[in-house]
Amino acid sequence: MDVGVLQVIAIVVAAFVTLTAVALFVRTIASFVTIFRLGQPATRSDAPGTRTVTLVREFLGHTRMARKPVVAVAHWGVMLGFILLTTTLATAYGQLFDPHFALPLIGHWPPYIWLAELFGWFTVLGIIVLIAVRQRTHPRTLGRRSRFWGSTFWQAYVVEFVILGVGICIVLLRGLESALGRATGADWADLVHFPTTSWVGRFFDGLSVGALENAIVVVALVKILISMGWMITVAVTPTMGVAWHRFLAFFNIWFKRHADGRTSLAELQPITVKGEPLDFEQIEELDEDAALGVGKVEDFTWKGLLDFSTCTECGRCQEQCPAWNTEKPLSPKMVVLNLRNHHHAKAPWLLADEEHREAAAGALTGHAGGALPAKLHGIPAGAVREAQRELVGATEGDPTVPDGGAVIDPDVLWSCTTCGACVEQCPVDIEHVDAIVDMRRYQTLIESAFPSELGGLFKNLENKGNPWGMNARLRMDWAKDLPFEVPMAGGDVEDLAEVDYLFWVGCAGAFEDRAKKTTRAVAELLHTAGVSFAVLGDGETCTGDPARRAGNEFLFQMLAMQNVEVLKEVNATKIVVTCAHCFNTIKNEYPQVGGQFEVVHHTQLLNKLVREKRLTPVARPDQADTSGVASTAATVTYHDPCYLGRHNQVYAPPRELLGALPGVELTEMPRHGEKSFCCGAGGARMWMEEKLGTRINLNRTEEAIATGADRIAIGCPFCRVMLSDGLTQKQSEGTREDIEVVDVAQMLLAAVRRGEDARQA
């Protein structure tokens, strides 16, 4: 075919497809803005400069993706290729008009050419690696163990085909350009200008100039059709997260909770009404229709709605989730996808006026059967049906992916331990835990629809100030028979400025027998190191952590304000705690109710004291235990508490303490640090029966036992209870009896105390 005729056909086809693609794409972008604005207000625009630096760091550094190095490198090449190679798309349009076309100003400038070739090959090789990863971990072979379980595969295949196709077209065009340059005697047709694609061009040597020009026009058109076909596909499929994250992720990262880039964990956000934190003292003045939590999808903030549409369906959250890994119906990924699909399906209803909504709902109710019309009073019938669905309630079919009934099943909602593994792993900064707790808040405060066991928890917290319903007068029982007096703030010590620390014992540390051992060990170590401290005794109540994670924000606020008032009365400024949950709540959440304190975890303080030589561990594992405290051991494995590690990034101090124990070897579990597996107690799960799947604490205990360690060290009383219970069960099934679950502080005390005994002898 004559080159001119082919060019005319190619130009007409490309122009039609491009105009269609751009029009649809712009329409969908406008639609995104409109439907995101259906959400509640949220302020996420502070410190714009810091946010921009965070975005650039996460984008170019691939800081989240780096947790899977091979995938990270491949994705980095594909991602930058997608951006940088837009210039090759511009070149392709020019080549339809003139096969010899080169970009103005840039032309055949070698640095640009090297970059284009590098990322052309990077795109091809990178997407092949990603295709291989998806196929190797496909659900057809791994079932639920695949992180891609539940992801929409046809969408992923479209994206992979497009990237591979575009990459191949780029390489082919470069080869054809080099062959055309040689055929016409151009001085730029050399290895300097085609360092990695000149060999491709050799396959076309011998073709006439006209044939090469035709080939360039055809390949350029194919490249354009693939690119524009992709744009049309994503434009008509706004729920195609595997494609849309390329655009939305930039905004989602920029608008993340913390401008400095910290993971959106630690403190939960307070309930907001119209974008402002709810003042519980003015609760009576609220509008009747004000939502406490999230009862409908439009109750999420606009950032929450943006979260849902940004999901890439990569399944990293699902892969790490303790509930999913123990056969429960909760998959953080599927929660997000179900909410995303519901939001998009319901959007036309939300955008309609009240008159049309009422008429459409009435028409749906009165429909006698048969096929529904496409629209009911101007609203798509599907949107009218979607609007009638409960957000949380009984579902039909698989509760993870319901095919009817409510959007989110209660078993899904209440399986969450709020461990934060999903948020920690998400490469686009989706805030799963906030969404789950917000839905729990509505269920608890408005619907009174929560697991029955939580009723007793709430009653005990409200009436007795602790989850077990124990009498406050028993809070000092842990200190009986200690060889020194434990001073109480407000009694023995009027002003806490007189001592170094307030020792916040916590409910578990005061009432739970196993946790009492940790409390005593910490008190003895502080006394030995010459650190003065006082406790609140019966003036201490629960921090409110389990109430807040269970959605009872009223009860949390009551407990938190009561504790803050007491702490201010005794002039507390520096607080040491043994419970990871108390640590997180006092440190990160009490500032929301006016309590600003310097809070350290006991492992942090004890590690500091060891480094300063104020505590000296000298006992070796083979020394006999004569002290009555848990002994050290030759091998130990450490379990990271979720609320100490992932939520607060305290990983090193406990390990440094264990490393300071003479003759003790730390053996890490496969899942440790930021990937540590939950014990199963968080999110108020400590007080709920685990009726679905297998037990989370058993899963973690088995992993700890498999290391062969003699001791399972912990740094949180919740973890101690769960892992001790798991170990007891495993030992009843034949696991060796000499394994023990102990707090890091107990191991340190054993070594320090024996050292003192040796010196006295």
Side-chain angles (χ1 to χ4, degrees), residues 478-479 481-487 498-506 509 515-535 574-580 583 598-636 638-641 644 650-666 710-717 720 740-761:
W478 64 269
D481 302 323
L482 281 176
F484 54 89
E485 291 295 321
V486 176
E498 302 172 20
V499 298
D500 296 321
Y501 288 94
L502 169 69
F503 181 14
W504 183 274
V505 176
K516 286 180 185 179
K517 297 177 182 178
T518 301
T519 308
R520 290 175 62 92
V522 172
E524 287 196 53
L525 287 166
L526 295 180
H527 179 74
T528 300
V531 176
S532 60
F533 66 94
V535 299
K574 297 168 69 175
I575 303 173
V576 58
V577 299
T578 59
C579 174
F583 172 73
E598 180 185 333
V599 187
V600 296
H601 190 254
H602 71 286
T603 58
Q604 293 175 303
L605 178 56
L606 295 178
N607 187 48
K608 177 174 177 286
L609 295 174
V610 169
R611 290 202 314 270
E612 293 173 351
K613 308 298 184 184
R614 296 171 69 179
L615 290 172
T616 306
V618 296
R620 298 187 62 80
D622 53 1
Q623 287 183 236
D625 186 348
T626 60
S627 63
V629 240
S631 64
T632 54
T635 56
V636 60
Y638 174 69
H639 165 78
D640 288 278
L644 185 63
V650 179
Y651 296 114
R655 289 174 168 81
E656 290 176 3
L657 267 180
L658 293 171
L661 300 179
V664 173
E665 178 186 353
L666 175 64
D710 300 318
R711 295 288 179 271
I712 303 172
I714 47 85
C716 173
R720 178 167 194 155
E740 189 177 358
V741 178
V742 295
D743 192 280
V744 174
Q746 290 177 269
M747 296 187 69
L748 176 62
L749 178 60
V752 169
R753 182 184 282 180
R754 286 190 208 126
E756 288 186 336
D757 291 345
R759 285 194 297 273
Q760 291 171 3

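Basis for what follows: all heavy atoms, side chains included, without hydrogens, waters or symmetry-related copies. All figures in this text were calculated on a predicted structure; none of them were measured in a lab.
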Please list, chain by chain and in numerical order, all residues satisfying salt bridge (Lys or Arg N to Asp or Glu O under 4.0 Å) with R655, sequence neighbours excluded.
D640, E668
If you count every heavy atom of other residues, nucleotides or ligands that lies below 6.0 Å from E612 atom CD, does the total exceed 12?
yes
Would you compute the distance between atom CD of E524 and atom CG of L749 and round it to the nearest 0.5 angstrom?
5.0 Å
Rounded to the nearest 0.5 Å, what separation is found between the NZ atom of K574 and the CD atom of E598?
5.5 Å
Test side chain to side chain contact (heavy atoms under 4.5 Å, CB included) on V522 and F503; report intermediate values, then the result.
CA-CA 9 Å; V522 172; F503 181 14; 3.9 Å; yes
Which heavy atom in F533 sits nearest to a heavy atom in P487, and how many Å separate them?
O-CG, 3.0 Å
Across all chains, not counting sequence neighbours, the side chain to side chain contact (heavy atoms under 4.5 Å, CB included) partners of A529 are V531, L609, R614, L615
Which residue is it: T518, D743, T578? I am looking for the one with a side chain to side chain donor-acceptor pair (under 3.5 Å) to R720.
T518
If you compare all heavy atoms of L606 against all heavy atoms of A745, which two are closest, and at what distance to 0.1 Å?
CD1-CB, 3.8 Å
Nearest-0.5 Å distance that lies between atom CG in L658 and atom CG in L748:
9.0 Å
Ignoring hydrogens and geometry, is there a side-chain-to-backbone donor-acceptor pair from R711 to T635 under 3.5 Å?
no
Which heavy atom in P654 sits nearest to a heavy atom in L644, and how many Å separate them?
CG-CD2, 4.4 Å
Nearest 0.5 angstrom please: L657 CG to H602 NE2, how far?
8.5 Å
Would you please name every residue forming a ring pair (Phe, Tyr, Trp, His ring centres under 6.0 Å) with H601, sequence neighbours left out?
F583
